[in-house]
**Q** 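To start, I am sharing the structure in question, which I have written as structure tokens.
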Amino acid sequence: MTISDGKSDPSGDDRDSEIAKETELVFLRNRVKELEAENAELLSQVSSCQCQQMEVKHDWSVSDSSSLVRRRRVRKGDKNSIPSHLISKRYVALKIMYFGKRFYGFSAEAQMEPSIESEVFKALERTRLLVGDKKDSCYSRCGRTDKGVSSTGQVIALFLRSRLKSPPGDSKAQVNGKTGERPEYDYVRVLNRALPDDIRVIGWSPAPVDFHARFSCYAREYKYFFWRQNLNLSAMDIAGKKFIGEHDFRNFCKMDVANVHCYTRRVTFFEVSPCQNSHEGDQLCTFTMRGSAFLWHQIRCMVAVLFMIGQGVESVDVIDTLLDTKKTPRKPQYLLASEIPLVLRTCEFENVDFICSPGAAESLRSHFKNESLTYQLESVIYQEALRNCLPLSNVSTEESSCNDIEKKKKRAEHVPLLSRPTEPSYEERAAKLKPRKQETCHV
């Protein structure tokens with residue numbers, strides 16, 4: 001009979017410890033695999049919903065609701081800001097109306113403020129519709145109207161922030177407007193809330209990426225308003241019809257020899273017509289001119305000569321003489337017609353249809369009506385001042401006769417266009433420009 005001494009077997013304890021460690025190791029390995037699988041699933045979910053997350057952040061920046069435009073200031077270096085290349089955008093054409101009296105022209109490149117272009121880009125930045133800067137937006141404009149000139153149909157094109165889900169290079173989706181379940185931003189409504197009262201966006205259109213607001217335009221139409229007074233409308237209409245066709249208009253423009261070397265342009269339509277407006281028996285009239293493109297100051301030069309014909313101080317045939325650049329290589333010196341009555345009415349493109357939401361259209365109608373009433377009130381004030389002037393009966397007969405003599409003297413002093421001093425010809429200007437270029441190259 002064997003008697004135990006009460007001590008356990010040390011080899012058995014070691015085996016139990018090893019089994020426990022192996023079991024724990026297997027458990028940990030399985031847990032690591034589970035965590036890796038969960039991590040992969042989470043990464044997949046984050047990747048798939050990235051566009052939706054960006055869209056939510058965009059909506060915080062751009063609002064097309066009836067409330068004021070909301071924007072979030074993003075400081076430089078903000079970790080929550082989205083890189084511009086990840087933001088959904090589309091190429092868009094915008095149709096713009098502006099009353100040009102207080103502006104130094106459309107273009108901001110002349111560095112004279114205010115300009116229509118600078119005000120438009122301020123609104124684009126304020127509403128955060130502009131992605132990146134002006135250079136990144138592939139910006140183009142149809143025309144560069146001068147100081148004081150207005151427009152009811154200027155067109156610009158650029159990339160704007162969008163709700164599009166398609167890749168930036170998918171031009172078909174951009175044109176067709178595939179934006180998923182949510183509607184596109186109401187560009188007209190959003191921008192008009194940030195623009196001054198004398199500038200309005202009146203429509204927008206999706207555009208293909210090869211669209212260019214200047215070079216894709218096949219026709220531009222201008223209107224020039226004037227009071228009939230004693231002008232001979234028939235003579236002006238006959239003279240204006242001579243502009244129709246393809247001609248060298250160097251005698252009807254301001255030459256820019258450094259940038260423009262061909263002064264041939266095609267005019268496709270010209271008309272003189274009365275408007276519905278009149279004032280104290282004087283009829284408001286308009287010249288309507290249409291062509292593929294126009295030179296710098298071309299419309300105002302044409303109108304200036306037409307006014308001379310309408311006044312009877314120039315012959316209708318002077319148009320033929322000035323269009324013949326071999327016979328008349330130098331432009332006679334004459335003053336431009338005023339810029340205020342000139343309006344760029346329309347710019348026309350193929351396969352570009354401008355749209356505007358019903359709400360934005362109603363807001364535009366209300367705004368234009370209110371602005372029109374405001375200007376009519378200003379007109380009434382000037383009419384009141386006119387009525388408060390001294391009556392003609394209080395003006396001395398001697399002074400009145402002096403004024404009549406002065407008017408006749410001015411009419412008699414008219415110098416015929418073809419007898420006036422002339423400006424340098426294109427060839428003479430170009431010859432002077434070449435030495436300057438050479439000097440610049442040497443420097």
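Only heavy atoms go into these numbers, but all of them, side chains included; no hydrogens, no water, no symmetry mates.
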**Q** Do the non-hydrogen side-chain atoms of Tyr426 and Thr325 ever get within less than 4.5 Å of each other?
**A** no

**Q** Compare every heavy atom of Pro329 with every heavy atom of Ser425, then report the nearest pair and how far apart it is.
**A** CB-O, 3.6 Å

**Q** Aromatic ring centroids of Tyr222 and Phe287 under 6.0 Å?
**A**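 Centroid distance Tyr222-Phe287: not below 6.0 Å, so no.
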
**Q** Mark yes or no for whether His212, through its side chain, and Phe215, through its backbone, hold a donor-acceptor pair below 3.5 Å.
**A**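 Flag set: sc His212 to bb Phe215 pair under 3.5 Å.
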
**Q** For Pro196, does its backbone N or O pair with a side-chain atom of Arg200 as donor and acceptor, under 3.5 Å?
**A**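 Yes; judged by distance alone, with no hydrogens or angles, the pair exists.
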
**Q** Just by distance, with hydrogens left out, do Thr288 and Lys223 show a side-chain donor and acceptor under 3.5 Å apart?
**A**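 Distance-only check passes for Thr288 and Lys223.
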
**Q** How many angstroms lie between atom CD1 of Ile309 and atom CD1 of Ile319, to the nearest 0.5 angstrom?
**A** 4.0 Å

**Q** Answer with yes or no whether the side chains of Ser357 and Asp186 bring together a donor and an acceptor at under 3.5 Å.
**A** yes

**Q** With a 4.5 Å heavy-atom cut-off, do Asn370 and Asp197 have their side chains touching?
**A**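 No - every pair of side-chain heavy atoms lies 4.5 Å or more apart.
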
**Q** Which residue pairs pass the salt bridge (charged side-chain N to carboxylate O under 4.0 Å, His left out) test with at least one member in residues 201-222, sequence neighbours excluded?
**A** Glu221-Arg290, Glu221-Arg345

**Q** Would you find a donor on one side and an acceptor on the other, under 3.5 Å apart, between the side chain of Ser137 and the backbone of Lys134?
**A** yes

**Q** Would you check if there is a donor-acceptor pair between the side chains of Tyr139 and Glu117 at a distance under 3.5 Å?
**A** yes

**Q** Would you call Lys122-Glu125 a salt bridge at under 4.0 Å N-O?
**A** no

**Q** Does a side-chain N-to-carboxylate-O contact under 4.0 Å join Glu339 and Arg300?
**A**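 Arg300 and Glu339: salt-bridged.
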
**Q** Looking only at non-hydrogen atoms, find the nearest pair between Tyr334 and Cys301 and report the distance.
**A**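 Looking at all heavy atoms of both residues, the shortest contact is OH-CB, 3.5 Å.
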
**Q** Starting at CD of Glu378, measure out to OG1 of Thr374 and round the result to the nearest 0.5 Å.
**A** 7.0 Å

**Q** Any idea which heavy atoms bring Tyr98 and Ser150 closest together, and the distance?
**A**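 Tyr98 and Ser150 have their closest heavy atoms at O-CB, 3.3 Å.
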
**Q** Check whether any side-chain heavy atom of His297 lies under 4.5 Å from a side-chain heavy atom of Phe252, and answer yes or no.
**A**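 No; the side chains remain at least 4.5 Å from each other.
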
**Q** Which heavy atom of Ser363 sits nearest to which heavy atom of Arg189, and what is that distance?
**A**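 Closest approach of Ser363 to Arg189: OG-NH1, 4.0 Å.
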
**Q** Quick check: does any side chain N or O of Gln298 sit under 3.5 Å from a backbone N or O of Leu295, one acting as donor and the other as acceptor?
**A**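 Yes, because the side chain of Gln298 sits within donor-acceptor range (under 3.5 Å) of the backbone of Leu295.
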
**Q** Are Glu348 and Tyr218 linked by a side-chain donor-acceptor pair shorter than 3.5 Å?
**A**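 Per modelled atom types, Glu348 and Tyr218 side chains form a pair under 3.5 Å.
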
**Q** Pairing donors with acceptors under 3.5 angstrom, does anything connect the side chains of Glu362 and Ser366?
**A**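 There is no such pair between these side chains.
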
**Q** Has the side chain of Tyr224 got a donor or acceptor atom that lies under 3.5 Å from a matching backbone atom of Ser338?
**A** yes

**Q** Do Phe249 and Tyr263 have ring centres separated by under 6.0 Å?
**A**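 Centroid separation for Phe249 and Tyr263: 6.0 Å or greater.
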
**Q** Which atom names give the shortest non-hydrogen contact between Ala361 and Cys356, and what distance separates them?
**A**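 For Ala361 and Cys356, the tightest heavy-atom pair comes out as N-SG, 3.5 Å.
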
**Q** Working to the nearest 0.5 Å, report the span between CG of Leu322 and CG of Leu418.
**A** 6.0 Å

**Q** Quick one: does Asp146's side chain have a donor or acceptor within less than 3.5 Å of a partner on Val149's backbone?
**A** no

**Q** Evaluate the side-chain hydrogen bond (donor to acceptor under 3.5 Å, both in side chains) criterion for residues Ser372 and Gln376: first the C-alpha distance (whole Å), next the side-chain angles of each, then the deciding distance (0.1 Å), finally the verdict.
**A** CA-CA 6 Å; Ser372 177; Gln376 289 181 47; 3.2 Å; yes

**Q** Run through Gln333, Arg250, Arg429 and flag the one making a side chain to side chain donor-acceptor pair (under 3.5 Å) with Glu423.
**A**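 Single pass found, and it is Arg429.
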
**Q** Between Leu160 and Val131, which heavy-atom pair has the shortest distance, and what is it?
**A**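 Scanning both residues, the minimum pair turns out to be C-CG2, 4.4 Å.
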
**Q** Give me the ring orientation class for Trp204 and Tyr187: parallel if the planes are under 30° apart, tilted from 30 to 60°, perpendicular past 60°.
**A** perpendicular

**Q** Can you list, pair by pair, the side-chain donor-acceptor contacts under 3.5 Å of residues 269-279, counting residues two or more places apart and other chains?
**A**
none

**Q** Just how far is it from atom CZ of Arg126 to atom CG of Leu195, taken to the nearest 0.5 Å?
**A** 8.0 Å

**Q** Is it the case that the side chains of Ser118 and Ser115 hold a donor-acceptor pair, with the cut-off being a distance below 3.5 Å and no angle test?
**A**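 Yes - a donor-acceptor pair under 3.5 Å links their side chains.
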
**Q** Say you draw a straight line from CD1 of Ile116 to OG1 of Thr145; how long is it, rounded to the nearest 0.5 Å?
**A**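 If I round to the nearest 0.5 Å, the distance is 5.0 Å.
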
**Q** If we only count heavy atoms from C-beta on, is the Pro114 to Phe103 side-chain gap below 4.5 Å?
**A** yes

**Q** Please walk me through it: do Arg266 and Glu246 pass salt bridge (Lys or Arg N to Asp or Glu O under 4.0 Å)?
**A** CA-CA 4 Å; Arg266 178 180 291 275; Glu246 192 170 89; 3.5 Å; yes

**Q** Counting N and O atoms only, with roles assigned by atom type, does the side chain of Asn251 sit under 3.5 Å from a partner on the main chain of Lys331, one being a donor and the other an acceptor?
**A**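 Looks like yes, one N/O pair under 3.5 Å.
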
**Q** Any side-chain heavy-atom pair from Ile202 and Phe354 closer than 4.5 angstrom?
**A** no

**Q** If you measure from CD1 on Ile299 to CG on Leu306, what distance do you get to the nearest 0.5 Å?
**A**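 That separation rounds to 10.0 Å.
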
**Q** Do Pro206 and Arg90 come close enough that some side-chain heavy atom pair is under 4.5 Å?
**A**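 Pro206 vs Arg90: side chains touch.
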
**Q** Hey, is the main chain of Leu124 close enough, under 3.5 Å, to the side chain of Thr127 for a donor-acceptor pair?
**A**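 Answer holds: yes.
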
**Q** Report yes if the side chains of Leu158 and Phe121 come closer than 4.5 Å at any heavy-atom pair, otherwise no.
**A** yes

**Q** With a 4.5 Å cut-off on side-chain heavy atoms, are Leu284 and Arg228 touching?
**A**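 No - every pair of side-chain heavy atoms lies 4.5 Å or more apart.
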
**Q** Is it true that the side chains of Glu314 and His414 contain a donor and an acceptor less than 3.5 Å apart?
**A** yes

**Q** Taking Arg330 for the side chain and Thr422 for the main chain, is one N or O donor matched with an acceptor at less than 3.5 Å?
**A**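 Not at all, since once roles are kept as given, no pair shorter than 3.5 Å links the two residues.
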
**Q** Please confirm whether the backbone N or O of Phe99 pairs with a side-chain atom of Arg102, one donor and one acceptor, at under 3.5 Å?
**A**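 Between the backbone of Phe99 and the side chain of Arg102 there is no qualifying donor-acceptor contact (under 3.5 Å).
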
